[in-house]
Trainee: 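Before anything else, here's the structure in question.
Each chain gets a letter, A, B and so on, in the order the sequences are listed, and its residues count up from 1. Scope of the values below: all heavy atoms of this structure, side chains included, with no hydrogens, waters or symmetry mates.
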Amino acid sequence: MKIVTRFAPSPTGFLHIGGARTALFNWLLARHHGGTFRLRIEDTDRQRSTKEAIDAIVDGMKWLGLDWDAEVVFQFARAARHAEVAKELLAKGHAYLCYASPEELEEMRESQRAAGKPIRYDGRWRDRPVSDTRPNVPPVIRIKAPRSGETIVRDQVQGDVRFANDVLDDFILLRSDGTPTYMLSVVVDDFDMGVTHVVRGDDHLTNAARQLQIIEAMGWPIPTYAHLPLLHGEDGAKLSKRHGALGIHEYAGLGYLPEAMRNYLLRLGWSHGDDETISTEQAIEWFNLDNIGRSPARVDFKKLDNLNGHYLRQTSDETLADALGPLLDQRGTKVDDELRAKLIKAMPGLKERAKTLVELADAVYFLTARRPLDLDEKAKKLLTAEARAILKELKPVLAAAKWEAQTLDAAARSFAEHKGLKLGAVAQPLRASVTGRSTSPGIFDVLAVLGPAESLDRITDQI
RNA sequence: GCCCCCAUCGUCUAGCGGCCCAGGACGUCGCCCUCUCACGGCGAAAACACCGGUUCGAACCCGGUUGGGGGCGCCA
């Protein structure tokens, strides 16, 4: 059987981290089986759906590298077909017209609440004859759900989840204005699109039971369900605005790599023994529904940082230099060919010290800075009177050496030895004067990248 | 209130009745490497929510308690 999965977000906000994980799992499942992965925008809520949200979702998917097959399906455009199915259900006797007004229903719920009873539609129009109508009141179509027995959702993650049918009420299929509800639309679209595996958030588990009732009434095939435990924020509660509720594409701006994000998201609820760093290729090969955990997970950005650092170090110097372009541009530095060459040369030392592209951009200060350098506090403290005196003596020694990291290193070492100093006593002041910071890549590598003229001038500025 | 789901180190997790006085990873703390910071290496602290059962034997099975989460719309 050819597997078809889908990611079906409603465009009422951006694609957050939880949605991104759902999308990833669907994508992985499809790619693993050589199946099809579809994107469907559930825009039937006309009030809340926005073009911006659709763009944000599409951008987020693209950034994450989750490519979908065939064209995007917009659910609202299929409303006529959904209504048709509702009418069919009505004709078959699996649904009925209900003329109860929203106010009337609210009253009903109120009294149920007050009486401590379960809140659900009481079926007041269920068994009335078709001749029984209310003039000038447009009815809704409700499903005539079975009242006894149980509906079992056979879920790949949650196991068999049983719902007594008497706790599931006769929900609305078609609104009084003739538009379909989510419950109906999802089922019809999944059927029409040939979706075989429904992988989505846990919050849809009860819906699955209701959807099953529609599917059974229509005699359609039941898809395989997998309901993923929801993601929680770092504090254990909801995903906070601070971090978890960011749009996924905003992580790009924070300096994260898509492959790191994929790896991170994958391990949130899915595991493969003790494996932690899992490439996307490996993930496609290994992914399955069996290894999805049943308990909710919290997001932990420290781990994302660590993973991102790992993937940063794996990325080529050229790619990284180019990725820095836009970030440096924002800071007012244009990357020309000369700077690009320096970035690439310095990258091996730079990238193992950074966790994100933003940190990387911060760390290239010494390459882009103009003389005289702005020393930070720690650098200033390093440049004591003694330190400056050492630099004064060191400068001609360096100037006389062949300008390569290794020879510069050797020259500085023998200089320190003759003066009875530790290398650090020489290297730290040197670093402060040349980079304006107290930390940097190996100082002799820095010197080599900067070249003799610029380096010696920077030293001169401080003595 | 009713229904459903979940419960192993701070966090993500391995574990699917004996291999577990519980393993890995992130984070934390030491030490090593070292010109700084990182990277890397080594090591440490750190968990089976609780109570009953079942069993020769339970983190794993069953029941309950507690604690989290989700659902109960003419929203999706």
Side-chain angles (χ1 to χ4, degrees), chain A residues 8-12 42-45 47-49 75 98 100-102 105-106 109 112-121 138-142 153 155 157-159 161-164 167-169 171-177 179 181-183 185-186 201-207 209 227 229-230 232 234 236-238 264 267-277 291 293-307 309 313 349-355 363 378 382 409 412-413 416 422-432 435 437-444:
Chain A
S10 58
T12 53
E42 309 215 316
D43 55 351
T44 54
D45 184 342
Q47 252 68 48
R48 298 196 301 153
S49 295
Q75 192 161 63
C98 167
S101 69
L105 294 174
E106 194 36 57
R109 287 185 206 103
Q112 287 172 336
R113 244 188 297 272
K117 294 224 176 110
I119 296 158
R120 61 184 78 121
Y121 176 70
V140 300
I141 296 182
R142 306 189 89 110
V153 179
D155 195 276
V157 174
Q158 313 285 348
V161 184
R162 325 170 85 93
F163 295 90
V167 307
L168 267 15
D169 63 2
F171 56 92
I172 295 173
L173 261 14
L174 203 68
R175 301 187 185 102
S176 55
D177 65 0
T179 60
T181 59
Y182 162 79
M183 216 61 79
S185 301
V186 172
D202 218 350
D203 49 339
H204 289 289
L205 189 59
T206 356
N207 291 336
H227 288 92
L230 264 22
H232 294 171
E234 284 180 304
K238 302 264 169 60
Y264 176 68
R267 288 289 290 105
L268 239 36
W270 182 85
S271 60
H272 185 269
D274 284 341
D275 296 306
E276 294 289 346
T277 50
N291 290 334
R294 273 168 310 229
S295 54
R298 298 185 186 196
V299 295
D300 172 17
F301 295 97
K302 287 273 176 36
K303 194 146 186 174
L304 210 209
D305 281 348
N306 175 274
L307 240 15
R313 274 170 257 134
L350 250 19
K351 68 182 177 187
E352 72 178 24
R353 291 173 168 74
K355 300 236 183 278
K378 287 177 182 168
L382 243 23
D409 187 328
R413 269 175 213 280
K422 287 191 162 184
L423 218 214
V426 174
Q428 279 303 82
L430 185 57
R431 183 187 322 279
T435 69
R437 304 281 122 106
S438 62
T439 66
S440 80
I443 189 59
F444 304 108

Trainee: Once you apply the 3.5 Å cut-off to both distances, tell me the Watson-Crick or G-U wobble partner of B/rC39, or none.
Mentor: none
Trainee: Less than 4.0 angstrom between a side-chain N/O of A/Asn306 and OP1 or OP2 of B/rG27, yes or no?
Mentor: yes
Trainee: Expressed as a whole number of angstroms, how long is the span from A/Asp203:CG to B/rG70:C1'?
Mentor: 7 Å
Trainee: Tell me which nucleotide among B/rA76, B/rC12, B/rU36 gets nearest to the side chain of A/Thr439.
Mentor: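 Of the options given, the side chain of A/Thr439 lies nearest B/rU36.
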Trainee: I need the CG-P distance between A/Asp155 and B/rG71, as an integer number of Å.
Mentor: 16 Å
Trainee: Answer yes or no: does a side-chain N or O of A/Arg162 lie under 4.0 Å from OP1 or OP2 of B/rC4?
Mentor: no
Trainee: Would you tabulate the pairs of protein nitrogen or oxygen atoms and nucleotide nitrogen or oxygen atoms of nucleotides 31-33 of chain B closer than 3.5 angstrom?
Mentor:
none

Trainee: If you restrict it to nitrogen or oxygen atoms, what contacts under 3.5 Å exist between nucleotides 14-16 of chain B and the protein, and what is each distance?
Mentor:
residue, atom, partner, partner atom, Å
B/rA14, OP1, A/Ser271, OG, 2.7

Trainee: With respect to the phosphate group of B/rC74, does any side-chain polar atom (N or O) of A/Arg109 fall under 4.0 Å of OP1 or OP2?
Mentor: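 A/Arg109 to B/rC74 OP1/OP2: side-chain N or O found under 4.0 Å.
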Trainee: Compare side-chain N and O positions of A/Arg267 against OP1 and OP2 of B/rG24 and report whether any pair is under 4.0 Å apart.
Mentor: no
Trainee: Is it the case that the base of B/rC72 and the side chain of A/Arg120 share a donor-acceptor contact (distance under 3.5 Å, atom types as modelled)?
Mentor: no
Trainee: Report yes if a donor N or O on one partner sits less than 3.5 Å from an acceptor N or O on the other, where the partners are the side chain of A/Lys303 and the base of B/rC12; otherwise report no.
Mentor: yes
Trainee: Check if the side chain of A/Ser176 and the base of B/rC74 share a donor-acceptor pair of N or O atoms closer than 3.5 Å.
Mentor: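 Side chain to base: pair present.
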Trainee: Check whether the side chains of A/Gln428 and A/Arg431 place a donor and an acceptor atom closer than 3.5 Å, and report yes or no.
Mentor: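 On atom types as modelled, these side chains qualify, holding a pair under 3.5 Å.
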Trainee: Do A/Arg431 and B/rC35 share a donor-acceptor pair, side chain to base, under 3.5 Å?
Mentor: yes
Trainee: Starting the side chain at C-beta, find the nucleotide from B/rA76, B/rG68, B/rC35 nearest to A/Gln75.
Mentor: B/rA76
Trainee: Can you check whether A/Thr44 has a side-chain N or O nearer than 4.0 Å to OP1 or OP2 of B/rA76?
Mentor: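 Yes, within the criterion.
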